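Below: the structure, in structure tokens.
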Number of protein chains: 2
Amino acid sequence: MSRSNPRVLSTLERAGGFASAQEVYRLMQREGESIGLTTVYRSLQSLVNDKIVDVLRRDDGEAIYRLCGDAHHHHLVCKSCGDTVEIEGGAIEKWAKVMAEEHGFRDVGHTAEIFGICSKC
Amino acid sequence: MSRSNPRVLSTLERAGGFASAQEVYRLMQREGESIGLTTVYRSLQSLVNDKIVDVLRRDDGEAIYRLCGDAHHHHLVCKSCGDTVEIEGGAIEKWAKVMAEEHGFRDVGHTAEIFGICSKC
DNA sequence: AGCACAAATGAAAATGATTTTCATTCCCAT
DNA sequence: ATGGGAATGAAAATCATTTTCATTTGTGCT
């Protein structure tokens, strides 16, 4: 396995906590950091595994990474500008639990995301 | 520009109204249809422009196309054996709608999936 | 210090979806 | 028939991401 390179996390923070792997890489280069693209990808992945960052997708399919609070939440994402709002998902938690029980599933987790066009766009 | 090849739409329908471009292509090939991958992409894009289909992204970034207004369902997936159950998601629809309104979003869609370990595993 | 071994790194190649190019074919109105 | 625009698709180009693999770095041990 591999651990995250701390400079990657620090750069992601400096980027406003919201950037693609390529962007983090270019940013580090511009700042004179010596790092390989591979390491950036690996570090981001590892941060995702550790649930320190969240990954979502731009409309063009590029993955964007963002720091996120530790509480379990969901996202409301603008398809146009990428603006993201963290929302509460109590209804989902309950739904997931009920559905899983109904079908005899255990160790249940879920993903849910809402997307649309925000008021500014 | 280009108009959509009707066989592409028909195949997407037959696929359950939910498939990636590559899947539509492979499906058409398997059924003996003579069509190029390029045409599949172009047709799907055109269907998106005409708002006949919706596009979202899988976790791996692959674009999946879905017939609009399709009463869509959600999945309960076993992490161990991959078995999948289609479940009803009325609660989610409502949740998505409320959350979106609350934050001034429009043209809202959503994704939701539950995963766990099924009774057989 | 010197040695061994695991983890980290990054350049380059591989992968895979999607897009672009461009030459060819099809279709339709004259 | 014929000329021109639309549709098609094979092949090449793009681009993010992953994999490979050889090299470097770090760490514990003697």
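Here is how names work: the chains are called A, B, and so on, in the same order as the sequence lines, proteins then strands, and each is numbered from 1. None of these values were measured; they are calculated from a predicted model. Atoms considered below: every heavy atom in the structure, side chains included; atoms not considered: hydrogens, waters and symmetry mates.
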Original post:
Given R14(A) and E23(A), is the salt bridge (Lys or Arg N to Asp or Glu O under 4.0 Å) satisfied, shown in steps?
Top reply: CA-CA 12 Å; R14(A) 224 164 330 108; E23(A) 284 163 0; over 6 Å; no

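Judged by distance alone, with hydrogens and angles left aside, the side-chain atoms of R57(B) form a donor-acceptor pair with the main-chain N or O of D59(A) at under 3.5 Å. Between the side chain of S43(A) and the main chain of N5(A), a donor-acceptor pair closer than 3.5 Å is present. Between the side chain of D50(B) and the backbone N or O of I52(B), no donor-acceptor pair lies under 3.5 Å.
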Polar atom pairs between nucleotides 21-27 of chain C and protein, under 3.5 Å, N or O only, would you list them?
none

Using a cut-off of under 3.5 Å, enumerate the N/O to N/O pairs linking the protein to nucleotides 14-17 of chain D.
residue : atom : partner : partner atom : Å
dT17(D) : OP1  : A63(A)  : N            : 2.8
dT17(D) : OP2  : Y41(A)  : OH           : 2.7
dT17(D) : O5'  : Y41(A)  : OH           : 3.3

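If you take CZ of R7(A) and C1' of dG10(C), they are 12 Å apart, rounded to a whole angstrom. In this structure, CE of M28(A) is placed 13 Å from C1' of dG10(C), rounded to the nearest angstrom. Distance OH (Y25(B)) to P (dG16(C)): 15 Å, rounded to an integer number of Å. Put simply, CZ on R3(B) is 8 Å from C1' on dA6(D), counting in whole angstrom units. dT18(C) atom P lies 13 Å from atom CG of D59(A), rounded to whole Å. Residue L56(B) contributes atom CG, which lies 17 Å from atom P of dA17(C) at whole-angstrom precision.
The phosphate of dT8(D) (OP1 or OP2) has a side-chain N or O of N5(B) nearer than 4.0 angstrom.
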Listing, residues 97-106 of chain B side-chain donor-acceptor contacts under 3.5 Å, not counting sequence neighbours, or none:
residue : atom : partner : partner atom : Å
R106(B) : NH2  : C121(A) : O            : 2.5

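Relative ring orientation between H74(B) and H110(B) is described as parallel, the plane-to-plane angle staying below 30° on a 0-90° scale split at 30° and 60°.
Each of L37(A), T38(A), L44(A) was scored for a side-chain contact (heavy atoms from CB on, under 4.5 Å) with Y41(A), with one residue passing: L37(A).
Annotation for I92(A) and A112(A): closest pair CG2-CB, 4.3 Å, computed over non-hydrogen atoms.
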